[in-house]
Amino acid sequence: DIPTSSQPSLMYLTKRSNYLPTHYDSIVSVHLNGKFSGMINSSRKAAAAVSSKSGKKIDVVDSHNATGALGLTVLRTAQSAIDGMQHDELVAKASEWADKTKLFVSCVNTNYLINSGRLTPFRAMILRIFKIKPLFTIDTEGELKLKTFSFRTKDNFKKILGLMKENYEHKKIWNYCIMHVDNPGAAEYLSEVLEKLTGRKPLYIEDASPMLAGKVGPKAVAVAVMED
């Protein structure tokens, strides 16, 4: 069965958020792609209510991304806050860093994508008929896009390398990470070839969350990279 999720209620979010202004001077919350979840809208309403009550600045930022790409944006934002960056600049930079972050997702079993409604019926039919292994990315507006495809999973990995070269050969990378759905061997392979390409190891290699795994299917592998 494909896992499902439900967002917390506005009352719950507001209640959980009320304690934050008692510990911090201001709050910046970086969220999962608003096209994937309606939680960001509830979070904005909760933030407005708590900010009005406490008098503290609270801003909610849409990362327009997911999984490791969201993680990189959150990490860079948090590190900058620790280093002393002020609230308004932090909000602007978080949005800028989100736009500088790309996610490449290679899928093996397309049934999960089809059943989760992430593909149009026509594209779903083509993928099933020809047993295509799609390679997706997410654009700056948060829309899932079919970037390219292969008939073999390993060819998708080569295409990820090609996209990395195309996008970052003449740009400095802040960092990158690798996620996988029960496919550590593929993640390690990508780590080795990307280290040769970038000159650095990935920031981390992690299992994808159960919710993401339910959308992209078993053995999927993703690379997230942020431009400096």
Side-chain angles (χ1 to χ4, degrees), residues 1-7 31-40 62-74 98 101-164 167 176-194 202-226:
D1 292 337
I2 293 177
T4 58
S5 65
S6 61
Q7 65 187 59
H31 277 254
L32 174 68
N33 187 348
K35 297 287 176 67
F36 291 1
S37 170
M39 184 173 171
I40 190 169
D62 189 341
S63 72
H64 298 300
N65 234 313
T67 190
L70 169 60
L72 291 177
T73 306
V74 169
T101 307
K102 291 187 181 296
L103 179 68
F104 305 107
V105 185
S106 173
C107 299
V108 176
N109 187 332
T110 56
N111 289 331
Y112 286 74
L113 271 169
I114 293 166
N115 292 336
S116 66
R118 298 295 177 192
L119 294 175
T120 63
F122 176 74
R123 281 187 173 177
M125 179 183 69
I126 295 298
L127 291 178
R128 275 180 169 150
I129 290 173
F130 295 101
K131 298 181 180 179
I132 289 171
K133 314 301 182 190
L135 178 62
F136 290 96
T137 188
I138 300 174
D139 66 19
T140 54
E141 297 302 314
E143 296 288 354
L144 187 70
K145 299 291 184 183
L146 178 62
K147 187 72 175 178
T148 184
F149 63 88
S150 302
F151 295 99
R152 298 189 310 161
T153 302
K154 203 157 189 177
D155 288 338
N156 266 357
F157 296 164
K158 292 177 182 177
K159 289 181 178 180
I160 289 176
L161 293 178
L163 289 167
M164 290 283 285
N167 285 281
Y176 72 99
C177 58
I178 299 170
M179 293 67 59
H180 65 92
V181 182
D182 192 28
N183 201 352
E188 287 295 340
Y189 168 78
L190 271 175
S191 175
E192 290 172 8
V193 294
L194 287 174
L203 182 63
Y204 56 82
I205 299 174
E206 287 289 347
D207 292 312
S209 68
M211 200 61 228
L212 177 67
K215 302 298 184 186
V216 298
K219 305 303 179 184
V221 181
V223 176
V225 57
M226 182 185 285

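This is a predicted model, so every value here is computed, not measured.
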Compare every heavy atom of [Y] with every heavy atom of [X], then report the nearest pair and how far apart it is.
X: Ala69; Y: Ala224; answer: N-CB, 3.3 Å
X: Cys107; Y: Phe136; answer: SG-CD1, 4.1 Å
X: Ser63; Y: Ala98; answer: O-CB, 3.5 Å
X: Pro218; Y: Val108; answer: O-CB, 4.0 Å

For residues 180-191, the salt bridge (charged side-chain N to carboxylate O under 4.0 Å, His left out) pairs (sequence neighbours left out) are Asp182-Lys219

Would you call [X] and [Y] a side-chain contact if the rule is heavy atoms closer than 4.5 Å?
X: Leu190; Y: Val221; result: yes
X: Thr137; Y: Val105; result: no
X: Ser150; Y: Lys159; result: yes
X: Leu194; Y: Tyr176; result: yes
X: Asn156; Y: Leu135; result: yes
X: Phe130; Y: Phe149; result: no
X: His64; Y: Ile138; result: no

Pair Asn65, Asn33 - check side-chain contact (heavy atoms from CB on, under 4.5 Å), show working. CA-CA 5 Å; Asn65 234 313; Asn33 187 348; 5.5 Å; no

How long is the straight-line distance from [atom2] of [Y] back to [atom1] of [X], given to the nearest 0.5 Å?
X: Lys147; Y: Ser106; atom1: NZ; atom2: OG; result: 15.0 Å
X: His31; Y: Leu70; atom1: NE2; atom2: CG; result: 9.5 Å
X: Ile160; Y: Thr148; atom1: CD1; atom2: OG1; result: 10.5 Å
X: His180; Y: Glu206; atom1: NE2; atom2: CD; result: 7.5 Å

Of all residues at least two apart in sequence or in a different chain, which pass the salt bridge (Lys or Arg N to Asp or Glu O under 4.0 Å) check with Asp207? none

Can you name the salt bridge (Lys or Arg N to Asp or Glu O under 4.0 Å) partners of Glu143, sequence neighbours left out? Lys35

Quick one: list whatever passes side-chain hydrogen bond (donor to acceptor under 3.5 Å, both in side chains) with Gln7, sequence neighbours left out. Ser42

Under the side-chain contact (heavy atoms from CB on, under 4.5 Å) test, which residues partner Leu203, sequence neighbours left out? Leu72, Leu75, Asn175

For Thr67, what residues pass the side-chain contact (heavy atoms from CB on, under 4.5 Å) criterion, not counting sequence neighbours? Leu103, Met179, Leu212

Run the side-chain contact (heavy atoms from CB on, under 4.5 Å) check on Ile205 and Ser191 step by step: do they pass? CA-CA 8 Å; Ile205 299 174; Ser191 175; 3.7 Å; yes

Could you walk me through whether Val193 and Phe157 pass side-chain contact (heavy atoms from CB on, under 4.5 Å), step by step? CA-CA 10 Å; Val193 294; Phe157 296 164; over 6 Å; no

